[in-house]
Amino acid sequence: MKRTKIKALLARTAPLENVLIKGWVRTRRDTKEFSFIEVNDGSCLASIQVIVDAGTPGAEFLPRISTGAAVAVTGEMVPSPGKGQAFEIRSRGLELVGTSQEAYPLQKKRHSDEFLRTIAHLRPRTNKYGAIMRIRSKTSHLIHRFFEEEGFFLIHTPIITGSDCEGAGEMFRITTVSGSTPASDDFFGQETNLTVSGQLSAEMMALALGDVYTFGPTFRAENSNTSRHAAEFWMLEPEMAFCDLTGNMDIAEALIKYVVQGVLESCAEDIALFANFVDKTLMKTLTSLRDDAYIRLSYADAVEILLKAKKPFDYPVSFGIDLQSEHERYLAEEHFKKPVFLYNYPKGIKPFYMRMNDDGETVAAMDLLVPRIGELIGGSQREEREDKLQERMQALNLPEADYWWYMDSRRFGSVPHSGFGLGFERLLMLLTGISNIRDVIAFPRTPGSIDF
RNA sequence: UCCCCAGUAGCUCAGUCGGCAGAGCAAGUGGCUGUUAACCACUUUGUCCGCGGUUCAAAUCCGUGCUGGGGAGCCA
């Protein structure tokens, strides 16, 4: 007999003669004549109630059917006489697939997020973490669907990279030799690292295929100890040929609206859990993300707003500074209370590949700031003019020879193009109201922490 | 890396002025009930984070280290 997922059973409106379910026991309650077993199989948030009458096949397992045990149940799905569920399964055969020992750490009550991080291998069995992982999966699919519908091609950019100055932060070295061996004797004959961004590769592909995106793991060896940084995270990086900064922001905004709508549609039960127990303002946030136009504000105008703000800042504001968290939060959370694209940043605080504006002072960069999270997206129109790019690289002391292939793209049919990077875990934090990045990724990697 | 806070039973936490180590939940046993974070009774559980110091006496005070959390910087 074929196993049916609990999600499919709970979607039914009619009884079912013969079913087989398999899952894990959330709780067992006994009466003299029969027992209630709450079974969850991960297919959805809800569990299904199983009734096991004394004397039916498998009832002898009941004393060992404890929280966390794995079971298989055959029986009939019937209308439930009790309150709290429309249907339940009356068991005709109970099988104990795997027992759960006394030391099972998940109890039938709420645990702290900090404790659950110490048992990351078991926390997906809780309502909250199961819900996060289902939303993560759905969001990932929605991203792919969005770009598929928009005519983008999915590209796979390298994880191992030889370039060490993409300007995105400290890198993890990878090597097959020990300490004193020179890099020239190493596997690749030079220093190699884990990627911090697929952007430069993506640009090459965009300049052939038009619109592309890469979506994969990214690594930063920064000693960042915050709730918004991980050493290994997933980044989405679209890159579009014949696209300027405005088009770049258009795609970013459309993408987020699409994903929010999709999650609200197909993860309603899981989202409701977060709206009820994690962040009471979540539904309001999500509908605003979906329905409201995002603010688009130049860096210069943002500085003006901050200078006029009555709120006292710890760090003074002036044109040319890199905005501090408190400034970004003020804009997104207090002044506008919605997502804000900031664009045209001073060249001094942005990397070499961003396109120089006509004023010679700012570059065509854009960041999307969102309430609670801060920077969700960082992107730019890329410098497509060979001479301007060379100027910037010289000013920043970047060896052009190392970028010979990148420079080639500006020599052979160079076109205006744009792209951005979106931190996938930060998007999930936005969608769920979860406040720590360690809780939206199954096995988080952060400084000093590599268990599991 | 910097600043602040915390670390006591499996979990969540209380522990007053330095004077015998506590509660709720979980777990175990028994009971009861179409139950549903079930309920009732009883029972078990400690390197008070580690190391050093002050003191007649330290969970409590001091120093130091480790771990965790919040914030900052860096960024996505």
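Computation of the quantities below employed the complete heavy-atom set of this structure, encompassing side-chain atoms and omitting hydrogens, waters and symmetry-equivalent molecules. Reminder, nothing fancy here: chain letters follow the sequence lines and each chain counts from 1.
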Whole angstroms only, please: what is the CD-P distance between A/E222 and B/rG73? 14 Å
Please collect all salt bridge (charged side-chain N to carboxylate O under 4.0 Å, His left out) contacts where either partner lies in residues 433-442 of chain A, sequence neighbours excluded, each pair once. A/R117-A/D439, A/R123-A/D439
Judged by nearest nucleotide, the residue sitting upstream toward the 5' end of RNA chain B, A/E88 or A/F233, is A/E88
Taking the inter-plane angle between the rings of A/H335 and A/Y330 on a 0 to 90° scale, is it parallel (under 30°), tilted (30 to 60°) or perpendicular (over 60°)? tilted
Base B/rA76 to side chain A/R220, donor-acceptor N/O within 3.5 Å cut-off: yes
Taking only N and O in the side chain of A/S227, is any of them less than 4.0 Å away from OP1 or OP2 of B/rG71? yes
Look at the side chain of A/R228 and the base of B/rG70, then say whether one donor and one acceptor between them are separated by less than 3.5 Å. no
For A/K32 and B/rA38, what is the distance between atoms NZ and C1' respectively, to the nearest whole Å? 17 Å
Please state whether the base of B/rC75 and the side chain of A/S224 form at least one donor-acceptor pair under 3.5 Å? no
What nucleic acid atoms does A/F219 come within less than 4.0 Å of, heavy atoms only: base, sugar-phosphate, or nothing? nothing
Return yes if a side-chain donor-acceptor contact under 3.5 Å exists between A/N436 and A/R228, otherwise no. no
Would you indicate what A/F34 reaches in the nucleic acid, counting non-hydrogen atoms under 4.0 angstrom: base, sugar-phosphate, or nothing? base
Please give the distance between the P atoms of B/rC61 and B/rU16 as a whole number of Å. 9 Å
Could you tell me whether A/T27 contacts a base, only the sugar-phosphate backbone, or nothing, with contacts defined as non-hydrogen atoms closer than 4.0 Å? sugar-phosphate
Below 4.0 angstrom, N of the basic side chain to O of the carboxylate: do A/R382 and A/E239 qualify? yes
Spacing between A/I349 atom CD1 and B/rG73 atom C1', to the nearest angstrom: 15 Å
Sorted by chain and number, sequence neighbours left out, ring pair (Phe, Tyr, Trp, His ring centres under 6.0 Å) with A/F87 holds for none
Short side-chain N/O contact to B/rA72 OP1/OP2 from A/T226, under 4.0 Å: no
Where along residues 249-257 of chain A does a heavy atom fall under 4.0 Å from RNA chain B? none
Students often get this wrong, so: under 4.0 angstrom with heavy atoms, is A/S325 touching a base, only sugar-phosphate, or nothing? sugar-phosphate
Expected list for residues 423-449 of chain A near RNA chain B, using heavy atoms below 4.0 Å, is A/G423, A/R426, A/N436, A/I437, A/R438
B/rA9 and B/rC3, which share atom name C1', separated by this distance in whole Å: 33 Å
Nucleotide of B/rU35, B/rC74, B/rA72 approaching A/R29 most closely (side-chain heavy atoms): B/rU35
With heavy atoms under 4.0 Å as the rule, sort A/G84 into base, sugar-phosphate or nothing. base
Taking CD from A/E326 and P from B/rG73, how many angstroms apart are they, rounded to a whole number? 8 Å
Could you tell me how far B/rG63 sits from B/rG10 if I compare only their C1' atoms? Round to whole Å. 32 Å
In whole angstroms, how far is the P atom of B/rA76 from the CE atom of A/M366? 11 Å
What's the closest nucleotide to the side chain of A/N225 if the choices are B/rU1, B/rG34, B/rC74? B/rU1
Given the C1' atoms of B/rC4 and B/rG73, what is the spacing between them in whole Å? 15 Å
Looking only at heavy atoms, what is the nearest atom pair of A/A241 and A/H417, with distance? CA-CB, 3.7 Å
For the pair made of CD in A/E33 and C1' in B/rU35, what is the distance, rounded to whole Å? 14 Å
Could you give the distance separating B/rA21 and B/rC49 at their P atoms, to the nearest angstrom? 14 Å
Considering only atom P, compute the distance from B/rC66 to B/rC51 and round it to an integer number of Å. 15 Å
What is the nucleic acid contact for A/I51, judged by heavy atoms within less than 4.0 Å: base, sugar-phosphate only, or nothing? base
What integer number of Å spans the C1' atoms of B/rG50 and B/rA37? 37 Å
Of the nucleotides B/rA72, B/rG34, B/rA76, which one has an atom closest to the side chain of A/E375? B/rA76
Between A/F36 (CZ) and B/rC32 (P), how many Å, whole number? 16 Å
Considering every strand and a 4.0 Å limit on heavy-atom distances, what is the contact class for A/D367: base, sugar-phosphate, or nothing? nothing
Would you measure the distance from the C1' atom in B/rA58 across to the matching atom in B/rG15 and give it in whole Å? 14 Å
Going by number, which of residues 100-121 of chain A have a non-hydrogen atom under 4.0 Å from RNA chain B? A/E102, A/Q107, A/K108, A/K109, A/R110, A/H111, A/S112, A/E114, A/F115, A/R117
Enumerate the ring pair (Phe, Tyr, Trp, His ring centres under 6.0 Å) contacts for residues 61-84 of chain A, please, sequence neighbours excluded, ordered by first and then second residue. none
Hydrogens and angles aside, do A/R145 and A/Y258 bring a side-chain donor and acceptor to less than 3.5 Å of each other? yes
Kindly point out which of B/rC74, B/rG34, B/rC32 is positioned nearest to the side chain of A/Q49? B/rG34
Tell me what A/L236 touches on the nucleic acid: a base, only sugar-phosphate, or nothing, going by heavy atoms under 4.0 Å. nothing
